[in-house]
Undergrad: 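Quick one: the structure is below, and I'll ask about it shortly.
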Amino acid sequence: MYRYDEFDAAYVKDRVNTFRGQVNRRIDGSLTEDEFKPLRLMNGLYLQLHAYMLRVAIPYGTLSSRQMRALAMIASKWDKGYGHLTTRQNIQYNWPALKDVPDILDALADVEMHAIQTSGNCIRNVTADHFAGAAADEIEDPRPTAEIIRQWSTEHPEFLYLPRKFKIAVTGSPNDRAVTKAHDIGLRMVRNDTGEAGYEVIVGGGLGRSPFVGKVVRDFLPKSDLLPYLEAILRVYNLHGRRDNKYKARIKILVHETGIEDLRAMVEREFEQLDGPSVALAEEEVARIEAYFAPPVFAKLPQHSSALEQAKKADAEFAAWVETNTDAHKQSGYTIVTVSAKAIGEAPGDLTTAQMDVLADIAEQYGHDELRISHEQNVILPHVRLDDLRIVHAALADAGLATANANLISDIIACPGLDYCALATARSIPVAQDIQQRFADPVRAKAIGEFKIKISGCINACGHHHVGHVGILGLEKAGIENYQITLGGDHTETTAIGDRAGPGFAFEQVGPAIERLVDAYISLRANDNERFLDTYRRLGLEPFKTALYDNERTAA
Amino acid sequence: MPLVTKDGFQHLPEAAYITVDQLTETDEPWLAVEVAGDVDVSAIAPHFEKISLIAVQFPSFADGRGFSIARHLKRLGFDGELRARGHIIADQYAHALACGFDGVEINDEVAERQPFDQWQDAANKVLPPYRQKMAG
Amino acid sequence: MSKLFKPKIVSANDLFAGDVVYMNPGFGWTRKLAEAAIAHNEEAAADLLAKAMPQQEKVVGPYLADVALDDDGRPFPTHFREKFRTRGPSNRTDLGKQSVNPERREPLAASGGI
Ligand code: SF4
């Protein structure tokens with residue numbers, strides 16, 4: 001894992017002092033609220049419906065057990081005993097007081113963490129594949145790239161007041177778990193004809209009010225050109241992105257209005273003209289950063305674990321969990337564990353202090369001290385021995401963390417919605433809870449198979465509803481909450497924006513509508529292995545629309 | 001508008017700024033030009049010789065185009081004085097200097113709320129790691 | 001005009017604690033909607049907001065919100081967003097105003113809520 005050097009440490013500490021000063025200057029009137037707002041946002045601090053909210057960066061979703069314990073400590077000392085995992089691999093505290101925030105940031109700095117650029121119209125916390133460094137299908141670990149981008153973008157003097165926020169995601173695998181095509185810039189590691197590793201650069205993806213799938217701006221970018229090329233894109237965007245309308249300010253609109261060909265020409269021209277060597281990191285520095293991400297020392301283990309097989313035979317519940325919540329590891333004898341933060345009836349992505357501590361303990365004892373936060377609001381233990389799965393499962397179960405639902409219908413993404421978020425037009429969490437309850441039976445959920453429901457509480461789409469197999473968007477209509485359903489979205493390398501099914505549903509009509517939809521799918525699927533998404537692609541919207549609207553829908 | 005320099009606020013007589021369009025109409029030297037955020041500055045480059053001062057407008061501190069314009073002007077070879085002018089706050093001072101501005105012309109209202117020590121503090125902050133490495 | 005006018009209160013968030021506050025008749029701030037100053041016409045509403053705007057050192061983002069009045073003349077929110085602001089997260093009734101000050105728990109029927 002990356003460790004701070006003296007530069008990082010000094011900077012992050014100084015940054016806390018700067019923010020402490022900014023808070024004081026807000027209070028003494030040196031800064032107006034209008035001026036303070038972007039400054040606090042660039043330090044992760046929002047003002048939400050009921051309280052301030054602090055969004056802490058978990059760069060590319062990676063953290064150690066020591067860091068997880070610090071997050072738990074902060075939750076209990078300065079907040080209300082829990083934190084919320086976000087679709088950008090961050091963690092949010094919902095109740096900090098303004099005066100405590102500098103102290104919280106100090107506590108974070110003590111464990112090499114911060115909340116820098118988790119909000120604001122700047123380059124946000126960089127995200128990456130949550131299976132990075134562990135996945136069997138990986139070309140290269142994307143995290144050194146993400147770390148290099150983090151360093152370059154941190155307080156980049158030119159790019160702090162962009163037209164709008166700017167999100168970058170990196171994946172090192174052909175199977176895209178980082179939603180790279182729905183980011184302002186997506187980087188996919190690829191190899192060229194000579195076998196050299198580099199990036200396919202995707203630009204202008206994004207969800208929100210007008211969703212766009214990103215377009216390829218460069219087929220192959222050599223690794224050494226990474227930062228100069230990003231600098232070129234950002235400069236073009238900073239100068240030409242629209243500033244007259246907040247909803248048209250993202251780079252996706254610039255790409256859309258300019259056309260990818262012209263935009264590519266602008267970027268390439270800027271790239272040629274800028275002084276690359278003054279931007280790119282020196283080779284030794286790149287190597288130094290890469291070295292931090294060297295894989296842990298794995299034991300030489302056989303592919304097969306007889307301890308695991310025996311335990312699975314003895315305990316069906318455990319066997320079911322192994323089947324849904326583990327993935328192939330590149331190292332023989334190891335696996336990747338997805339810890340569901342979606343216990344039935346709990347707010348998706350919420351972790352209590354106790355759960356954070358348990359996760360830290362497990363990672364320390366059985367997981368090479370590493371944890372990941374996934375954009376699907378779960379926790380990943382990337383390196384667990386097959387032999388240890390039984391004991392890991394037992395420890396997770398004691399903490400209410402062993403729900404066997406990864407990728408199933410109750411593994412729902414839900415943004416905070418109107419229960420917390422000042423921008424929300426409707427609630428998300430209770431909608432998710434209702435659906436979870438309806439599909440609480442693990443046998444039924446398993447029979448339904450992979451089924452991705454994603455819920456947002458407003459058009460900003462933090463809950464990624466456009467790319468859910470089923471997307472649910474909470475709006476306000478005639479003074480009440482109203483939910484629009486989209487079908488057929490896909491967040492993987494075959495990214496697709498879901499189709500709007502029709503008129504929205506009232507709050508209490510959403511659950512029944514989803515039940516009808518699922519029943520229709522079960523009766524329509526070609527066989528038990530055909531996922532909802534595949535059935536949808538085969539049959540199109542019509543039969544599902546009929547199922548959604550056929551019944552006793554009351555007026556929306 | 002007071003000018004923030006490393007020695008303090010300077011209250012200069014208002015410079016007689018001309019617009020980019022007026023540049024082509026004059027051959028006088030020592031010109032001061034004011035540039036808006038939507039101007040293509042490469043059009044100014046042929047006139048650099050007669051320009052001694054370029055002020056880049058900041059209509060709002062949240063409009064960061066000026067930072068890229070400064071970089072662009074520097075890259076095009078402008079070596080006269082470069083000022084950021086308008087609504088800029090102390091917290092942006094280091095960023096303005098890093099992008100190539102020599103000084104910042106701020107409005108009186110901001111100068112009153114944010115006395116010089118706040119600008120000095122901002123200029124003395126620890127640089128982010130990448131900047132330190134590139135500088136060192 | 002007065003026939004169409006919906007009574008209004010000024011709400012904001014406290015600068016320090018971040019929680020929901022309402023302007024009271026003395027142009028100070030209260031955490032209880034029941035104690036909020038009520039504007040019964042456009043002019044009074046504009047006046048209340050004008051009193052709130054300069055109080056940047058105390059509150060953030062003051063704005064006017066519609067209320068209705070119960071039989072005793074006390075205000076209650078009409079929009080579901082404002083109802084949630086008088087309470088806290090609907091999925092965590094142990095948190096927020098509803099946990100310490102369950103003053104007015106109108107049913108959330110209008111929002112189609114739980
Ligand atoms: S989608 Fe809307 S409601 Fe949900 S977190 Fe984002 S801004 Fe808030």
Side-chain angles (χ1 to χ4, degrees), chain A residues 4-15 17-18 21-22 25 28-32 34-39 42 116 120-122 148-163 227 231 234-241 243 270 273-275 278-282 285, chain B residues 36-42 56 58-72 74-77 84 87-101 109-119 121-136:
Chain A
Y4 281 6
D5 55 23
E6 73 276 22
F7 297 126
D8 295 293
Y11 172 70
V12 171
K13 276 287 176 191
D14 188 62
R15 175 84 178 217
N17 292 334
T18 302
Q22 286 165 338
R25 287 164 58 230
D28 75 18
S30 299
L31 289 166
T32 65
D34 280 352
E35 291 168 346
F36 178 61
K37 188 175 173 187
L39 302 176
M42 275 190 262
I116 296 168
N121 292 335
C122 52
I148 288 167
I149 297 170
R150 184 189 73 86
Q151 296 194 12
W152 161 79
S153 61
T154 298
E155 206 180 338
H156 192 301
E158 190 180 342
F159 303 136
L160 292 169
Y161 299 89
L162 298 169
L227 294 183
E231 187 132 331
L234 264 298
R235 188 162 299 145
V236 167
Y237 172 57
N238 192 32
L239 284 171
H240 301 286
R243 290 175 186 267
E270 181 62 36
Q273 289 177 358
L274 60 70
D275 177 17
S278 74
V279 179
L281 281 182
E285 180 57 18
Chain B
D38 55 358
V39 162
D40 176 9
V41 292
S42 46
V56 179
F58 279 73
S60 150
F61 80 104
D63 181 344
R65 283 177 297 185
F67 297 115
S68 284
I69 291 173
R71 280 280 174 99
H72 199 172
K74 284 283 173 192
R75 196 181 68 215
L76 290 170
H87 186 192
I88 295 145
I89 60 176
D91 308 77
Q92 295 174 309
Y93 189 38
H95 310 139
L97 297 178
C99 288
F101 287 111
E109 189 267 330
V110 170
E112 204 163 293
R113 276 191 288 114
Q114 301 175 0
F116 180 63
D117 62 314
Q118 296 191 8
W119 296 78
D121 282 354
N124 290 330
K125 283 193 308 183
V126 175
L127 287 177
Y130 167 84
R131 310 276 135 205
Q132 291 186 46
K133 286 172 200 167
M134 299 318 277

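Each chain gets a letter, A, B and so on, in the order its sequence line appears, and its residues count up from 1. Just so it is clear, the model here is predicted, and its values are computed rather than measured.
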Undergrad: List the atom of B:Ser68, the atom of A:Arg235, and the distance in Å for their closest heavy-atom pair.
TA: OG-CG, 3.9 Å
Undergrad: Could you state the interatomic distance from NE2 (A:His156) to OH (B:Tyr130), rounded to the nearest 0.5 Å?
TA: 6.0 Å
Undergrad: Classify the ring geometry of B:Phe61 against A:Tyr161: parallel below 30°, tilted from 30° to 60°, perpendicular beyond 60°.
TA: perpendicular
Undergrad: Please flag which part of A:Leu239 lies under 4.5 Å from any non-hydrogen atom of chain B: side chain, backbone, both or neither.
TA: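 Backbone plus side chain of A:Leu239, per the 4.5 Å heavy-atom cut-off to chain B.
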Undergrad: Calculate, to the nearest 0.5 Å, the distance between atoms CG and NE2 belonging to B:Asp40 and A:His240 respectively.
TA: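 Reported to 0.5 Å precision, the distance equals 7.0 Å.
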Undergrad: Heavy-atom count around A:Gln273 CD within 6.0 Å, excluding the residue itself: above 12?
TA: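 Check passes, neighbour count above 12.
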Undergrad: Apply side-chain contact (heavy atoms from CB on, under 4.5 Å) to the pair B:Met134 and A:Leu227, showing each step before the final yes or no.
TA: CA-CA 12 Å; B:Met134 299 318 277; A:Leu227 294 183; over 6 Å; no
Undergrad: Who wins among A:Asp34, A:Asn17, A:Leu234, A:Leu31 for the most heavy-atom pairs under 4.5 Å with chain B?
TA: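 Looking at each of A:Asp34, A:Asn17, A:Leu234, A:Leu31 in turn, A:Leu31 comes out on top.
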Undergrad: Select one option (side chain, backbone, both, neither) describing which atoms of A:Leu274 are under 4.5 Å from chain B's heavy atoms.
TA: both
Undergrad: Given the options A:Leu162, A:Leu281, A:Val279, which has more heavy-atom pairs under 4.5 Å with chain B than any of the others?
TA: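 Between A:Leu162, A:Leu281, A:Val279, the count favours A:Val279.
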Undergrad: If you compare all heavy atoms of A:Phe7 against all heavy atoms of B:Gln132, which two are closest, and at what distance to 0.1 Å?
TA: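 That would be CD2-OE1, 2.5 Å.
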Undergrad: Between A:Arg25 and B:Asp91, does at least one N-O distance fall below 4.0 Å, as a salt bridge requires?
TA: yes
Undergrad: Quick check: do A:Asp5 and B:Lys133 have side-chain heavy atoms less than 4.5 Å from each other?
TA: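 Yes - at least one pair of side-chain heavy atoms lies under 4.5 Å apart.
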Undergrad: What residue, out of A:Asp275, A:Asn121, A:Val12, A:Thr32, has the most heavy-atom pairs lying under 4.5 Å from chain B?
TA: A:Thr32
Undergrad: Between A:Glu270 and B:Arg71, does any side-chain N to carboxylate O distance fall below 4.0 Å?
TA: no
Undergrad: Determine yes or no for a side-chain-to-main-chain donor-acceptor pair under 3.5 angstrom, with B:Gln114 supplying the side chain and A:Ser30 the backbone.
TA: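 Looks like yes, one N/O pair under 3.5 Å.
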Undergrad: Okay, side chain of A:Asp14, backbone of B:Val126: is any donor-acceptor separation there less than 3.5 Å?
TA: yes
Undergrad: Cut-off 3.5 Å, side chains only: do B:His87 and A:Glu35 have a donor facing an acceptor?
TA: yes
Undergrad: Heavy-atom distance under 4.5 Å to chain B: side chain of A:Phe159, backbone, both or neither?
TA: side chain
Undergrad: Please report the shortest heavy-atom distance between A:Glu155 and B:Arg131, naming the atom on each side.
TA: O-NE, 4.4 Å
Undergrad: Give, as side chain, backbone, both or neither, the part of B:Gln92 having an atom under 4.5 angstrom from any heavy atom of chain A.
TA: side chain
Undergrad: Select one option (side chain, backbone, both, neither) describing which atoms of B:Leu97 are under 4.5 Å from chain A's heavy atoms.
TA: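 For B:Leu97, there is no contact with chain A at all, as no heavy atom is under 4.5 Å.
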